[in-house]
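Values reported hereafter were calculated over all heavy atoms of this structure, with side chains retained and with hydrogens, waters and symmetry mates removed.
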Amino acid sequence: MSHKPRVRFAPSPTGSLHLGGARTAIYNWAFARSCGGSFILRIDDTDPERSTPENIAQIMRALAWLGLDWDEGPSFQTERAGIYTAALKTLSERGWAYRCFCSPAELAARRDAARGRGGFSGYDRSCRALTEEEAQARADAGEPFAWRLKVPDDRGPVVFEDAVRGRTEFPLDAIDDFVLVRSDGTPTYNFASIVDDADMAITHVIRGDDHLSNTPKQILVLEGLRAPVPTFAHLSMIWGPDGKKLSKRHGSTGVEEYAGQGYLPEALLNYLALLGWSLDGETTLIDAETLKSRFSLDRISKNPAIFDFAKLTWMNGVYLREMPVERFTQLMAERLQQAGLADEADFEVRRAWYLKLAPLVSERIKLMTEIVPLVRFLFVESVEPDETAQTKVLGKDPDLVRRALRAALEALENVLEAEWDTAHIEAALADLPAKVDAKPRLAYQPLRVAVAGSVVSPPLNESMELLGRARTLARIRALS
RNA sequence: GGCCCGUUCGUCUAGCGGUUUAGGACACCGCCCUCUCAAGGCGGAGGUCACGGGUUCGAAUCCCGUACGGGCUACCA
């Protein structure tokens, strides 16, 4: 029975969507799309202490921002309690589960002792010795108990073919009689997760590497349930630049933080998709459509990857530059409005002006947060030269600065308002270096400082055109 | 401690027994372009394929061991 593949992304809402989770989601989504399967969103909220509605909303928002769409869900484990009790009942009836009355303190003591002796340190299985009558009597007496899986001990290892790692096997004597259902009646992750997968007819479980050791336990549950075993694909971890677990120390770890910092969803999607998967040896830029059609499990890398912020940023710059001007202009306008430098009305009336500015900006930034600092001078009445401008230009050769500004002012005053455009401005200033007897860069930098207040800006002539004649002349006069 | 997984330029990766003097991308360096910064073009440096044994006419590619790193070993997920 080879139906269409069904995969799921099942985050536990104990925090926001982080980079590793996002990549897992992307791989599940891309795999589903590549083979016409279904991508299901499931919220694994079996830990009521740490699961919050805010986190759930945040995760869904982040997924949507990345451009991932799901076909079913979200469904919540807390709303599916019935299927876990039913599964437990089946397991116990078939002799695959038993009650454990050991207290946490006893358990910890025995575990420490076992570890001290070396060898296996899982549950010592003492409650397996209880007869059904004894167990029932103690339960009836009100003694708390948890349900544990009865790992078979009369056969070979659990073997499965991992889509990423290949054949993987675990000897049975190394598998713990883990807790299925806690004494408060709630299912544990290892139980609920796989019961859900079976119930939802998941065909491929694509998840983080940290679950590899859990897999044999889950397969055993499936065997007890006589449910089909899905294909597993375990993804290696994403590490920080120091080779340690990715954390706040390294920078942002949450998807939404990237959105706030001016990263584009297509850039993050592209970067994450290729962090641990490759189309071939050449491709570094890949769009969602290609991902949806060409993704495959067999090209997922086995080794962990270090997250490279510099490469992500470079990639973001590429997407910014390749973006249609209309869209960039829109994004730029939004940034300016957020900064309080312009309003919606201004954008409506001066659309052509914004459109002219956009390409000048997009080709020199990598992050959208760089927009405002770069064009701020065009939206304020006057500018004050910054520190670098003071020391590197104004203070360097005051005499040359004065001469250059005077000559420029004289030349520009001859450019009429009606012909105030880049071409005329350029023509008017063409012989400025000769007039002040200086190299072009030395002759023009004072002008840039006067106009933009900085040693870095969009091209000078274009900047002056966009600033307008009156303000340009006023700023040059102010400094000369 | 036990079980499991991983190891190709600083980083992401290609490579799946000979086509490899190990290819691409980011970062880095130099040159060109140039009114600044970028972008772009050209070029460079950077890997004894973790290490040691095998197998083979031949190994980054197959096998074993060692080292290092990681995961699991919770009534967390």
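- In this structure, the side chain of Q58(A) engages the main chain of L17(A) through a donor-acceptor pair within 3.5 Å.
- Closest contact between the side chain of V179(A) and the listed nucleotides U36(B), C75(B), U73(B) involves C75(B).
- When the nearest nucleotides of RNA chain B are assigned to I365(A) and W314(A) by heavy-atom distance, the more 5′-ward of the two goes with W314(A).
- One can place CZ of F191(A) at 19 Å from P of A74(B), the figure rounded to the nearest angstrom.
- The six-membered or imidazole ring of H250(A) lies away from that of F307(A), with a centre-to-centre distance of 6.0 Å or more.
- In summary, the aromatic rings of F379(A) and F377(A) are positioned with their centroids too far apart to meet the 6.0 Å limit.
- Counting only heavy atoms from C-beta on, D210(A) has its side chain closest to G71(B) among G71(B), C35(B), C75(B).
- Checking Q77(A) against D44(A) by side-chain atom types alone, a donor-acceptor pair falls below 3.5 Å.
- Of the residues in residues 449-457 of chain A, those with a non-hydrogen atom less than 4.0 angstrom from any atom of RNA chain B are V455(A), V456(A), S457(A).
- Residue G119(A) is the one, among Q445(A) and G119(A), whose nearest nucleotide of RNA chain B lies closer to the 5' end (criterion: closest heavy atom).
- For the pair R42(A) and D197(A), the salt-bridge criterion is met [side-chain N within less than 4.0 Å of a carboxylate O].
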**Asked** For nucleotides 60-69 of chain B, read 5' to 3', which letter fits each nucleotide if B means a protein heavy atom sits under 4.0 Å from the base, S means only the sugar-phosphate is that close, and - means neither?
**Response** ---------S

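- With both ends at atom C1', the span from U66(B) to G24(B) equals 33 Å, rounded to whole Å.
- When rounded to the nearest whole Å, the span between CG of N270(A) and C1' of A25(B) equals 11 Å.
- Contacts of E462(A) with the nucleic acid, taken as non-hydrogen atoms under 4.0 Å apart, include base atoms.
- The separation of C42(B) from C33(B), taken at their C1' atoms, amounts to 11 Å, rounded to a whole angstrom.
- Among the atoms of the strands shown, none is found under 4.0 Å from any heavy atom of P216(A).
- Out of C75(B), U36(B), C72(B), the shortest distance to the side chain of N214(A) is found at C72(B).
- Salt bridge annotation for R249(A)-D242(A): present, with a cationic side-chain nitrogen under 4.0 angstrom from a carboxylate oxygen.
- Only the C1' atoms considered, A45(B) is 35 Å distant from C5(B), to the nearest whole Å.
- Residues E223(A) and R155(A) are paired through a salt bridge, judged by an N-O separation under 4.0 Å between the basic side chain and the carboxylate.
- Among the heavy atoms of the strands, none lies under 4.0 Å from K245(A).
- A cation-pi contact, defined as under 6.0 Å to the ring centre and within 45° of the axis, links R99(A) to F145(A).
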**Asked** Yes or no on side-chain hydrogen bond (donor to acceptor under 3.5 Å, both in side chains) for T313(A) and Y263(A), after CA distance, side-chain angles and deciding distance?
**Response** CA-CA 8 Å; T313(A) 304; Y263(A) 284 90; 2.8 Å; yes

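- Between U56(B) and G69(B), the two P atoms lie 35 Å apart (nearest whole Å).
- Atom pair H211(A):NE2 and C72(B):P shows a separation of 9 Å (rounding to whole Å applied).
- Applying the 3.5 Å distance criterion, the base of C75(B) shares a donor-acceptor pair with the side chain of S183(A).
- Using the six-membered ring where Trp is involved, H234(A) and F160(A) have ring planes that are perpendicular, over 60° apart on the 30 and 60° scheme.
- Without hydrogens or angle criteria, T168(A) side chain to G166(A) main chain gives a donor-acceptor distance under 3.5 Å.
- The residue Y189(A) sits close to a base: some heavy atom pair falls under 4.0 Å.
- Nearest nucleotide to the R148(A) side chain, out of C75(B), C26(B), G71(B): C75(B).
- Taking the C1' atom of each, C29(B) and U13(B) are spaced 23 Å apart, rounded to whole Å.
- Atom-to-atom, CD1 of I238(A) to P of G71(B) comes out at 14 Å; the value is rounded to the nearest Å.
- Residue D173(A) is classed as having no contact, given no heavy-atom separation below 4.0 Å to the nucleic acid.
- Side chain S121(A) to base G2(B): no donor-acceptor pair is found below 3.5 Å.
- Summarising the geometry, the separation between CD1 on I371(A) and C1' on A38(B) is reported as 14 Å, rounded to the nearest angstrom.
- R441(A) contributes no side-chain N or O that forms a donor-acceptor pair with the base of C35(B) under 3.5 Å.
- Ring centroid separation for the pair Y27(A) and F295(A) comes in under the 6.0 Å cut-off.
- One atom, CD of E426(A), and another, P of C35(B), lie 9 Å apart when rounded to the nearest Å.
- Only the P atoms considered, C62(B) is 11 Å distant from G6(B), to the nearest whole Å.
- Across all non-hydrogen atoms, the minimal contact from P440(A) to P433(A) is CA-CG, 3.8 Å.
- Dense packing is recorded around CZ of R299(A), with more than 12 heavy atoms of other residues, nucleotides or ligands lying under 6.0 Å away.
- Rounded to whole Å, the distance from CZ on F328(A) to C1' on A38(B) is 12 Å.
- Of the side-chain N and O atoms in R50(A), none sit less than 4.0 angstrom from OP1 or OP2 of A77(B).
- Using a 4.0 Å heavy-atom cutoff across all strands shown, P440(A) reaches sugar-phosphate atoms only and no base atom.
- Of all nucleotides listed (G40(B), A77(B), U36(B)), G40(B) comes nearest to the side chain of R321(A).
- Between F120(A) atom CZ and C3(B) atom P the separation is 11 Å, expressed in whole Å.
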**Asked** Could you run down nucleotides 4-16 of chain B 5' to 3' and tag each one B, S or - for protein heavy-atom contact under 4.0 Å?
**Response** SSSSS--SBSSS-

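- The gap from the P atom of A74(B) to that of A14(B) amounts to 35 Å, rounded to the nearest Å.
- Here, C75(B) and G15(B) have their C1' atoms 47 Å apart, quoted to the whole Å.
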